[in-house]
Each structure stands twice: as C-alpha cells, then as structure tokens.
Amino acid sequence: MRTNIMKRIMFFALVFSYATYALGDMWTYYINGKETIDGITYNLWYKKYSGYVGLPSKKKISPVGGVSPVESEEFAFYEVTALTEESYHYLGHVTIPSRASSIATGAFADCMALARVDIPSSISDGMFWPATIKSGAFSNCPTLADVYTEAKYAIADDAFDEYIYSHATLHVPAGTKATYQDLEGWKNFSNIEEDTEELEDGDTFTAQTEDGVDMEFTVKDKSTRTIWVGTFQRVAIPTETGGTITIPVKVNGWNVKGISTKAFSGCSLLDGINIPEGIEIIEDQAFENCSSLTSINIPKSVTSLGNYHPFIRCNSLRNVTVSSGNTKYDSRNNCNGIIETATNKLIFGTAGMTIPSSVISIAPIAFSFSTELTEITIPEGVVSIGTQAFWDCI
C-alpha cells in the first residue's frame with residue numbers, strides 16, 4: 001500500500017516538474033513587448049516570469065552598421081561599440097525600460113562607448129527564479145562612469161567588472177546609501193553617492209569627498225542649489241577620521257557655501273583641513289577641539305566667522321593665514337591670528353602669536369583654552385579685551 005502511494009507521489013511530482021519546465025520554456029519564447037527609449041529599442045521577453053533585456057534566440061539583428069548580427073538573447077549587445085547609429089548615442093546613455101525585471105548575462109558586455117546607465121526599480125529579487133542583473137552584464141565597459149539605480153535588491157557579484165566598481169560612481173536615491181553598501185553586488189562600488197535632485201531646504205544627505213570621507217551636508221537654498229557642511233551642532237564626518245581632508249566645492253551639482261556649527265567638533269585626529277574658495281560662512285565652534293590641527297587658511301571668499309571664532313580648543317594650531325583679497329579678515333604681519341580688518345579687532349589668536357600694534361581690541365574667547373600659551377604682549381593701542389578672552393589659559 002505504501003509503495004503504491006509513493007509511486008503515485010513520484011509520478012505526480014514528475015508530471016508537475018515537467019509541466020513547470022514546459023510552461024517556463026514556453027514563456028521563454030513569448031514576447032512581452034518592445035520599448036523604445038531615446039531611439040534604442042529594447043526587446044522584452046518572458047523568461048520564466050521575467051522580462052529579459054536582450055534579444056530572442058531566433059531573431060538576428062545588427063544594432064550598428066558594420067557589426068555582425070547577434071543571435072542569442074544573452075550577450076545581446078556583445079562587442080557593440082555604440083548602441084544605435086545616431087551620433088548622440090555614441091555618448092552611451094542607456095535607460096533600461098521600467099518593465100524589465102532582469103538584465104541578461106553579458107547584455108552590455110564590451111560596450112566601449114557606454115558612459116551612463118539608468119537602472120529602474122523593477123529589477124527584482126529573483127524570489128522564484130533568478131531575475132536580477134546577471135554575471136558580466138556590464139563587463140568591459142571602460143567608459144562607464146555613472147550608474148544610476150533604484151533597484152534595491154542584490155545583484156550578481158560580478159555584474160560589473162572590477163574596473164567599473166573602482167572607477168564608476170553609483171548614484172542611489174537620497175537616504176539609501178547605507179542600504180546599497182550592504183547589498184551584494186552593489187556594495188562593490190567604491191564610490192556611492194545619494195541622488196539629491198528631490199531634496200528640499202533643510203534636508204540632509206551624505207556624500208563621499210575626494211579623500212574618501214563620508215561627509216554630511218544640509219540644503220540651505222534649493223533655488224540656488226546651496227548646501228552647507230554638516231547640520232546644526234552635529235558632526236559632519238566620523239570623529240575617528242584622521243590625516244588631512246579637503247572640503248569639496250561642489251557635491252552632486254550643489255554648491256558648498258558654509259560650514260555649520262560644530263561640523264568638525266571633536267575630530268581630534270585631523271591634522272589638516274583644506275577650506276576651498278567659495279566657502280562664505282564658517283559658524284561658531286565649527287572646528288572645536290580639533291586638537292591635532294596645526295595649520296589653517298581662511299580663503300578670501302569667507303565673509304563671516306560667527307559671533308565666536310570656529311577654532312576654540314584647537315591647541316596645536318600655530319600657523320593661521322587669511323588669503324590675500326579677503327575683504328573682511330586678514331592675518332597682517334604674518335601674525336598667525338585672524339583680525340577683523342575694518343575694526344582692527346583680533347578675532348582669534350594662537351599660542352605662538354605676536355599681536356600687531358595696529359590691533360585696538362581683542363574679541364571674547366580669542367585665546368580661550370590656549371593651554372600652550374605661556375606669555376603674550378598686548379600692544380599699547382588695545383583699548384578693550386572681550387569676555388573670557390584668556391579663559392583657561394593654564
């Protein structure tokens with residue numbers, strides 16, 4: 001009795017398996033439709049529930065004059081150096097149709113002119129059958145510089161080759177960078193940037209600087225695409241960051257114009273920070289307790305250093321300069337301090353500073369927490385010294 005039952009179970013299992021295989025195989029040859037985007041026609045095919053980006057195995061086409069026809073749905077664009085004959089497509093911008101749920105093996109392999117690809121959210125997770133970006137889909141595309149994606153599922157670990165992973169930039173939706181850094185395949189990109197096109201005033205996002213440092217920014221004015229480093233009283237980079245870093249001039253098309261309060265507070269391992277021309281405002285305590293910082297240059301574009309100077313508790317700071325041409329501040333006589341030009345007020349001084357004789361006032365907290373300061377000569381012309389100007393100079 002049990003033997004008969006087992007035989008029946010095995011028979012129905014075989015029938016079901018064959019039916020599933022046959023049905024899946026049948027769908028392989030049924031067209032799901034065609035979609036033309038920017039002059040490029042994509043053939044979308046059922047492939048076991050999945051729309052393939054590729055060509056049917058029984059149809060021959062030659063995508064570009066002089067290129068041999070291709071016959072297989074895999075490697076559909078193999079060895080194609082441009083995607084259409086129209087000249088503007090030699091720039092190589094490809095937008096994958098939003099109905100596609102997978103991109104075939106080698107579909108864009110050896111596309112020598114491919115510079116950018118946009119991948120939609122429809123690329124699926126392959127829950128029932130593999131339906132994702134397959135191995136080698138974008139291999140050997142040496143000019144591919146930008147990959148835009150909204151697909152939030154893992155892809156083949158080798159969907160892109162090592163050169164692309166290390167040289168191209170992966171653009172992901174705002175607020176999702178951490179997600180892609182954990183997803184198989186996508187996490188291999190060395191450069192991942194959040195798309196900031198839809199951000200509003202007050203929104204924040206993180207982008208990687210040329211030094212490879214993740215830095216946080218706040219949108220100050222969407223209409224002029226102006227952003228500042230950091231947010232109010234929140235550190236913009238990991239506090240364990242060391243060495244010298246450069247604040248960017250532009251990030252994803254946004255203009256960096258300011259440095260927020262406490263943006264680098266407590267980054268005690270930084271020994272150098274390059275502030276670029278274009279920065280206009282550096283807020284109070286922006287570099288508070290950057291105790292390894294030894295030198296700083298204020299660019300000529302800076303017009304405000306806040307009500308209290310940004311370098312409080314920077315005990316190692318010795319070399320301070322203001323670029324020639326700054327109309328608001330100067331460091332006259334190589335004094336290693338910052339002076340407000342119009343008022344001759346000393347805004348910030350270091351332990352190694354000689355106060356110029358032209359200074360007539362010293363601002364509040366100008367030397368506060370200068371633990372290395374052992375002596376200072378105050379010129380005869382100084383008529384006022386602000387609150388806590390020498391506070392905790394032990």
**Item:** Partners passing ring-ring contact (aromatic ring centres under 6.0 Å, His included) against Tyr308 (at least two apart in sequence or in another chain)
**Value:** none
If you look only at distance, which donor and acceptor atoms sit under 3.5 Å apart when one is on a side chain in residues 204-212 and the other is two or more places apart or in another chain?
| from | atom 1 | to | atom 2 | distance (Å) |
| --- | --- | --- | --- | --- |
| Thr209 | OG1 | Asp211 | N | 3.2 |
| Thr209 | OG1 | Val213 | N | 3.3 |
| Asp211 | OD2 | Thr246 | N | 2.6 |

**Message:** Within the 3.5 Å criterion, strictly below it, is a donor on Thr321 or Asn297 matched to an acceptor on the partner's side chain?
**Reply:** yes
**Item:** Set of residues satisfying side chain to side chain contact (heavy atoms under 4.5 Å, CB included) with respect to Ser357, sequence neighbours excluded
**Value:** none
**Asked** Going through the checks in order, is the salt bridge (charged side-chain N to carboxylate O under 4.0 Å, His left out) test met by Glu200 and Lys222?
**Response** CA-CA 6 Å; Glu200 302 292 336; Lys222 180 182 179 180; 3.0 Å; yes
**Prompt:** Going by heavy atoms in the side chains, are Ile281 and Ile259 under 4.5 Å from each other?
**Reply:** no
**Prompt:** How are the rings of Phe348 and Phe311 set to each other: parallel, tilted or perpendicular (split at 30° and 60°)?
**Reply:** tilted
Between side-chain atoms of residues 179-186 and protein atoms elsewhere (two or more places apart, or another chain), which donor-acceptor pairs fall under 3.5 Å?
| from | atom 1 | to | atom 2 | distance (Å) |
| --- | --- | --- | --- | --- |
| Tyr180 | OH | Ala151 | O | 3.0 |
| Trp186 | NE1 | Tyr153 | O | 2.9 |

**Message:** If you count every heavy atom of other residues, nucleotides or ligands that lies below 6.0 Å from Lys152 atom NZ, does the total exceed 12?
**Reply:** no
**Fill in**
With sequence neighbours left out, the residues meeting ring-ring contact (aromatic ring centres under 6.0 Å, His included) with Phe264 are Phe287
**Message:** Is the shortest side-chain heavy-atom distance between Pro276 and Val249 below 4.5 Å?
**Reply:** yes
Side-chain donor-acceptor pairs under 3.5 Å in residues 367-394, sequence neighbours left out?
| from | atom 1 | to | atom 2 | distance (Å) |
| --- | --- | --- | --- | --- |
| Ser368 | OG | Gln388 | O | 2.3 |
| Ser370 | OG | Phe367 | O | 2.7 |
| Glu372 | OE1 | Arg318 | NH2 | 3.4 |

**Asked** Should the pair Asp221-Lys257 be classified as a salt bridge under the 4.0 Å nitrogen-to-oxygen rule?
**Response** no
**Message:** So if I apply the ring pair (Phe, Tyr, Trp, His ring centres under 6.0 Å) rule between Phe189 and each of Tyr163, Phe138, Phe160, which one comes out positive?
**Reply:** Phe160
